[in-house]
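A short worksheet on the structure shown next.
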Amino acid sequence: MSDKKVRVRFAPSPTGGLHLGGVRTVLFNYLFAKKHKGDFVLRIEDTDQNRYVDGAEQYILDCLKWCGITPDESPVVGGQYAPYRQSERKPIYRQYAEKLVAEGHAYYAFDTAEDLDKKRKEVPNFQYGLATRNGLRNSLSLPLQETEKLLHDGTPHVIRIKMPEGETVNFNDMIRGHVSFETNQVDDKVLLKADGMPTYHLAVVVDDYLMKITHAFRGEEWLPSAPVHILLWEYLGWKADMPEWAHLPLILKPDGHGKLSKRDGARLGFPVYAMNWWDAKTNELTPGFRELGFLPEAFLNLLAMLGWNDGTDQEIFSLDEMIEKFSIERISKAGAKFDFEKAKWYNAEWIKRTDAETLKLKVWDILKANNVIVKDEAYLLKVIDTIKDRCVLLTDFYQQAAYFFQQPAEYDLNAVKPKWTDAKTDFFTAFIGILSSPETFDAAELEAKFKALAEEKGLKAGDVMLPFRIMLVGGKFGPHVFDIAKLLGESETIIRIEKALEAFTA
RNA sequence: GGCCCGUUCGUCUAGGGGUUAGGACGUUAGAUUUUCAUUCUAGAAACAGGGGUUCGAUUCCCCUACGGGCUACCA
């Protein structure tokens with residue numbers, strides 16, 4: 001690697017929520033930058049005014065924040081290469097496109113979108129390029145005077161790159177190694193649109209150059225247009241500063257074919273976006289990992305493992321650990337099918353490994369959202385510690401924790417009522433006596449007393465254990481029942497037994 | 001169709017000229033937990049096919065097949 005300071009960018013276009021693959025691209029960019037003590041730049045590629053969606057940029061910012069990834073330069077924090085929104089850089093691009101025209105590497109094209117649509121329908125496999133450009137309306141095919149007149153009259157036009165004839169574009173991809181393309185196979189891409197905005201092809205090259213980007217990570221879907229970009233770097237005279245390319249493997253649908261899309265999430269029942277995305281136009285909510293109950297640490301971890309590993313059996317990595325161990329050589333070439341089951345496993349692991357103090361606020365929010373009021377923080381911490389190993393998603397904390405804060409709204413009566421006897425009522429009445437005694441017992445002692453009492457009353461402990469749980473919890477779930485009783489406290493336990501007894505014997 | 005990229009258990013992957021091809025998720029069976037989950041133990045499960053090269057290929061090369069991407073004045 002050269003001695004230049006590493007600078008990478010994540011360049012999303014603000015057209016909606018951020019997709020899994022997008023976040024993974026951010027992550028790999030960020031890991032690489034931080035690994036090499038470089039800069040991570042966020043650049044907004046909003047050159048398509050038709051696809052621009054309000055709120056999408058803020059969403060991207062929020063998403064990075066949730067993930068704990070802080071850009072060194074961005075539209076909001078600025079930086080020495082500002083502005084970082086391509087729409088605000090519009091005046092920059094034209095001169096480069098004109099320079100390319102002047103030097104014979106690009107040309108003006110006057111064909112309308114309708115003309116070309118028609119052409120594509122008529123001619124199978126139509127491409128605007130070497131074989132066809134002479135028969136179309138552009139500064140290559142038209143007489144000079146006519147081109148000048150059209151330009152002078154302000155006729156709408158685009159600028160297209162003129163792909164050279166019979167050349168091979170070679171380059172080295174950090175992930176794929178040597179890749180080459182025949183220029184005859186690549187069409188004359190539009191560089192500057194009729195509205196004066198650059199297309200991605202021009203903008204990415206100009207901005208990467210101006211922003212001194214040293215390594216360019218992007219999805220594999222960009223590989224076919226790489227020769228256009230490489231030629232542009234060359235034609236603009238910047239070849240020596242061209243970043244190294246890394247085309248990341250795609251994240252694929254779990255079942256069928258193709259890359260993962262928003263639709264797959266809805267179809268298969270798992271999120272595809274990082275966070276909830278609400279589309280104001282369609283009034284449609286696309287669910288996100290965050291709201292479903294994923295920890296950002298788990299989310300990043302599972303994304304990283306989709307296409308990267310450190311060469312050992314380790315699967316759980318913190319962000320810092322990933323920065324330390326990251327290397328491009330260990331990114332796989334093939335696309336990875338997304339597996340939601342494994343994704344959940346990562347989250348469960350992260351919940352287990354995260355201490356109650358760190359989980360506190362998030363659990364608090366989830367309980368609050370479900371109208372469970374937490375008054376005692378120390379108590380909440382104890383509750384979290386006793387239940388976190390049984391939670392896969394943060395949202396599971398609601399079911400697992402609610403009964404610690406409020407009496408069961410209803411009981412699983414089918415599990416107790418059919419087998420209820422007066423002896424059981426008698427047992428629990430006596431057990432209330434034990435709980436009421438001035439002496440207090442820990443969970444194990446309480447269990448011993450409970451069992452001894454059962455025997456004394458001629459009952460099997462198992463016959464009263466489940467009813468006891470249902471009295472406290474409402475259903476057949478939760479941690480050890482005596483731990484629950486201890487956490488609830490003697491008086492609350494007594495209240496719940498009495499209340500439940502009424503329901504069971506009614 | 002054309003061009004480009006890819007191919008190890010169902011999935012994510014490790015490995016690499018000679019291995020009992022390893023791990024994880026999921027799955028199956030069992031143990032623990034007088035709930036459920038956790039946890040633990042064990043099991044089933046893979047080198048796409050065909051040619052080379054080689055004493056020996058899953059590993060290197062070629063072809064085929066299959067999968068994926070691109071083929072917009074979208075990114």
Side-chain angles (χ1 to χ4, degrees), chain A residues 11-15 45-48 50-51 86 109 111-113 116-117 120 124-129 156-160 173 175-177 179-182 184-187 189-201 203-204 218-227 247 249-250 252-259 302 305-316 330 332-346 348-349 352 387-392 396 399-400 412 415 451 460-466 468-470 473 475-481:
Chain A
S13 52
T15 54
E45 308 229 341
D46 53 349
T47 54
D48 185 354
N50 300 318
R51 293 215 309 158
Q86 288 181 333
D111 321 83
T112 64
L116 296 176
D117 277 348
R120 289 194 181 93
N125 307 322
F126 173 80
Q127 276 206 154
Y128 204 123
H157 64 276
V158 301
I159 293 180
R160 286 179 182 271
D173 185 280
I175 294 172
R176 276 148 229 289
V179 180
S180 70
F181 292 86
E182 296 305 319
N184 290 10
Q185 304 286 347
V186 184
D187 55 350
K189 294 278 182 229
V190 170
L191 264 21
L192 200 74
K193 301 186 248 187
D195 64 2
M197 277 289 196
T199 59
Y200 171 84
H201 306 296
V204 73
R218 68 204 333 188
E220 194 188 347
E221 71 267 29
W222 289 108
L223 203 47
S225 47
H247 290 91
L250 266 14
L252 276 10
K253 299 176 198 290
D255 56 348
H257 316 285
K259 55 177 176 174
L302 71 92
M305 301 312 283
L306 243 33
W308 177 83
N309 69 80
D310 77 338
T312 71
D313 285 343
Q314 185 175 344
E315 295 199 86
I316 303 296
R330 298 210 61 89
S332 37
K333 295 179 176 72
K337 286 184 184 162
F338 179 68
D339 181 359
F340 190 50
E341 291 307 316
K342 184 114 190 199
K344 285 192 287 190
W345 174 79
Y346 279 105
E349 286 299 311
K352 271 183 243 169
I387 61 173
K388 73 191 176 85
D389 283 8
R390 36 207 329 127
C391 294
V392 171
D396 293 339
Q399 196 218 23
Q400 291 295 334
D412 184 352
K451 286 178 174 170
K460 278 185 279 183
D463 292 339
V464 277
M465 204 79 113
L466 185 63
F468 187 35
R469 165 176 301 279
I470 289 172
V473 175
K476 289 192 266 187
F477 58 91
H480 291 289
V481 68

Nearest-Å distance once atom [atom1] is located in both [N] and [M]:
{"N": "B:C5", "M": "B:C9", "atom1": "P", "result": "23 Å"}
{"N": "B:G18", "M": "B:C60", "atom1": "P", "result": "11 Å"}
{"N": "B:U59", "M": "B:G16", "atom1": "C1'", "result": "5 Å"}
{"N": "B:G10", "M": "B:U20", "atom1": "P", "result": "22 Å"}
{"N": "B:U41", "M": "B:U32", "atom1": "C1'", "result": "11 Å"}
{"N": "B:A57", "M": "B:A31", "atom1": "C1'", "result": "43 Å"}
{"N": "B:C36", "M": "B:G49", "atom1": "C1'", "result": "48 Å"}
{"N": "B:G51", "M": "B:C74", "atom1": "C1'", "result": "44 Å"}

To the side chain of [X], which of [options] is closest?
{"X": "A:Asp339", "options": "B:G22, B:U34, B:G10", "value": "B:G10"}
{"X": "A:Leu250", "options": "B:G2, B:G15, B:G69", "value": "B:G69"}
{"X": "A:Ala461", "options": "B:U34, B:C4, B:U13", "value": "B:U34"}

For a quick check of understanding: with a heavy-atom distance under 4.0 Å over all strands, which category does [X] fall into, base, sugar-phosphate or nothing?
{"X": "A:Gly478", "result": "base"}
{"X": "A:Arg469", "result": "base"}
{"X": "A:Asn125", "result": "base"}

Checklist entry - Is A:Arg51 paired with A:Asp48 through a side-chain N to carboxylate O contact shorter than 4.0 Å? => result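 Looking at A:Arg51 together with A:Asp48, the answer is yes, because their closest N to O distance falls below 4.0 Å.
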Checklist entry - Are any non-hydrogen side-chain atoms of A:His247 and A:Val179 less than 4.5 angstrom apart? => result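 No, too far: nothing below the 4.5 Å cut-off.
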Checklist entry - Quick one: does A:Ile175's side chain get under 4.5 Å of A:Glu220's, heavy atoms only? => result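 No; the side chains remain at least 4.5 Å from each other.
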Checklist entry - In terms of the angle between their ring planes, are A:Trp222 and A:His201 parallel, tilted or perpendicular, with boundaries placed at 30° and 60°? => result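 Judged by the thresholds at 30° and 60°, the geometry between A:Trp222 and A:His201 is perpendicular.
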Checklist entry - What class does the angle between the rings of A:Phe338 and A:Phe340 fall in, given that below 30° is parallel, 30 to 60° is tilted and above 60° is perpendicular? => result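 Tilted, since the angle between the ring planes falls between 30° and 60°.
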Checklist entry - In B/S/- notation, 5' to 3', how is nucleotides 70-75 of chain B contacted by protein heavy atoms closer than 4.0 Å? => result SSSBBB
